[in-house]
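One structure below.
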2 protein chains.
Amino acid sequence: MKLSTKGRYAVTAMMDIALHEKVGPVTLADISQCQGISLSYLEQLFSKLRKNGLVKGVRGPGGGYRLAKPASDISVADIIDSVDEKLDLTKCGGKGNCNQGKKCITHQLWFDLTCDLHRYLGGIKLDQYVNRPQISELVKKQDVQYGRFLNRRTAA
Amino acid sequence: MKLSTKGRYAVTAMMDIALHEKVGPVTLADISQCQGISLSYLEQLFSKLRKNGLVKGVRGPGGGYRLAKPASDISVADIIDSVDEKLDLTKCGGKGNCNQGKKCITHQLWFDLTCDLHRYLGGIKLDQYVNRPQISELVKKQDVQYGRFLNRRTAA
DNA sequence: TAATTCCTGACTAAATTACTCAGGAATTTA
DNA sequence: TAAATTCCTGAGTAATTTAGTCAGGAATTA
């Protein structure tokens, strides 16, 4: 069982934006460089994140992306669902027709697990990690290393 | 986030064997037909399950596969780990070198989640499902439908 | 007007997944 | 002992998904 980079990249990028919410919009170019993710690929992911109402794009110089709602309202499940198709472990997509129209003998197992996962990831909100000292410490070092936000006035 | 058919097939097949433990060894040909899984593919998976000590092969007519230890000692995590490589959601395989030798800003998140998943799936043992009335009902119907085990003496 | 940034769609390379094929080895039954 | 049955192995392949590229347009700011 694996998580595709799609989901991982999206969560990482969203976390980056959440961590800089007070500074202002974050450009994909910055995220690309700091997190080591291809720019064009990020653009594809953010197209989906935007369509799912998780981020807002701000064009022009000084622009970038910002969260479309408070970090406390955005869960990891929201993000993964947006980019990675559905978070589902059943063969049948939950329909119960996995073996010749009937439920296969492991249907219930995967169905239950999918529900639990969803509940678990739905309970993890972005702000929980933003406020962790270890994480904000990490991102502060990264910002210095890459010289981010040097000539920017702090946003209101 | 998805489960590959590899993991799903393996758990389904193991469940099939566990459900027929009292009847005797189960052939891959039977599993292939009833569960709709390619025979050659099953053989590949069972090679791994055998190497990981989950099943024993019995050759010759009347042979098949049986569990190498009690169903209460085999967890879903054991099975998935055997065939599906490792159950890991981090980018770095848990090493913590996901971003230029350091931990990426979401490392802890995926690491925690991987641990939880492992604990969860490790707690689900085959026998829990074998004893469910819905499941044994389902498999009984299947057996009739495919005419399984018709000329077989019940094993001691 | 020039620079910056988002935004879109079509294309492609690489990796993985799922599966096939061919044949050998052990065991049982007749 | 011969034939049938089943496990067992490894090499090869088709299909799908993943990850990424490329080209160019639209909005905004300075």
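If you're wondering where the values come from, they're calculated on a predicted model, not measured in any experiment. The chains referred to below are lettered A, B, ... by the order of the sequence lines, with proteins before strands, and numbering in each begins at 1.
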Chi angles and distances behind the side-chain hydrogen bond (donor to acceptor under 3.5 Å, both in side chains) call for Asp81(B), His118(B): CA-CA 10 Å; Asp81(B) 276 347; His118(B) 228 278; 3.1 Å; yes
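A side-chain donor-acceptor contact under 3.5 Å links His20(A) and Asp143(A).
Using a 4.0 Å heavy-atom cutoff across all strands shown, Phe46(B) reaches no nucleic acid atom at all.
Gly53(A) and Ala68(A) make their closest contact through O-CB, 3.5 Å (heavy atoms, listed as atom of the first residue, atom of the second, distance).
In this view, Thr106(A) and Trp110(A), Thr12(B) satisfy the side-chain hydrogen bond (donor to acceptor under 3.5 Å, both in side chains) rule, not counting sequence neighbours. Asp16(A) meets the salt bridge (Lys or Arg N to Asp or Glu O under 4.0 Å) test with Arg148(A); sequence neighbours excluded. Looking at residues two or more places apart in sequence or on another chain, you find no side-chain hydrogen bond (donor to acceptor under 3.5 Å, both in side chains) involving Gln33(B). For the side-chain hydrogen bond (donor to acceptor under 3.5 Å, both in side chains) test, residues two or more places apart in sequence or in another chain that qualify with Ser4(B) are Asp84(B).
Using a 4.5 Å heavy-atom threshold, the side chains of Leu54(B) and Lys69(B) count as touching.
A rotation axis mapping the C1' atoms of four pairs onto the next four is fitted at both ends of the helix from dT1(C)-dA30(D) to dA30(C)-dT1(D) over five pairs, and the angle between these axes is 10° to 10 degrees.
For the segment residues 35-45 of chain A, the set of residues with a heavy atom within less than 4.0 Å of an atom of DNA chain C comprises Glu43(A), Gln44(A), in numerical order.
Residue whose closest nucleotide on DNA chain C sits further toward the 5' end, between Pro61(A) and Lys56(A): Pro61(A).
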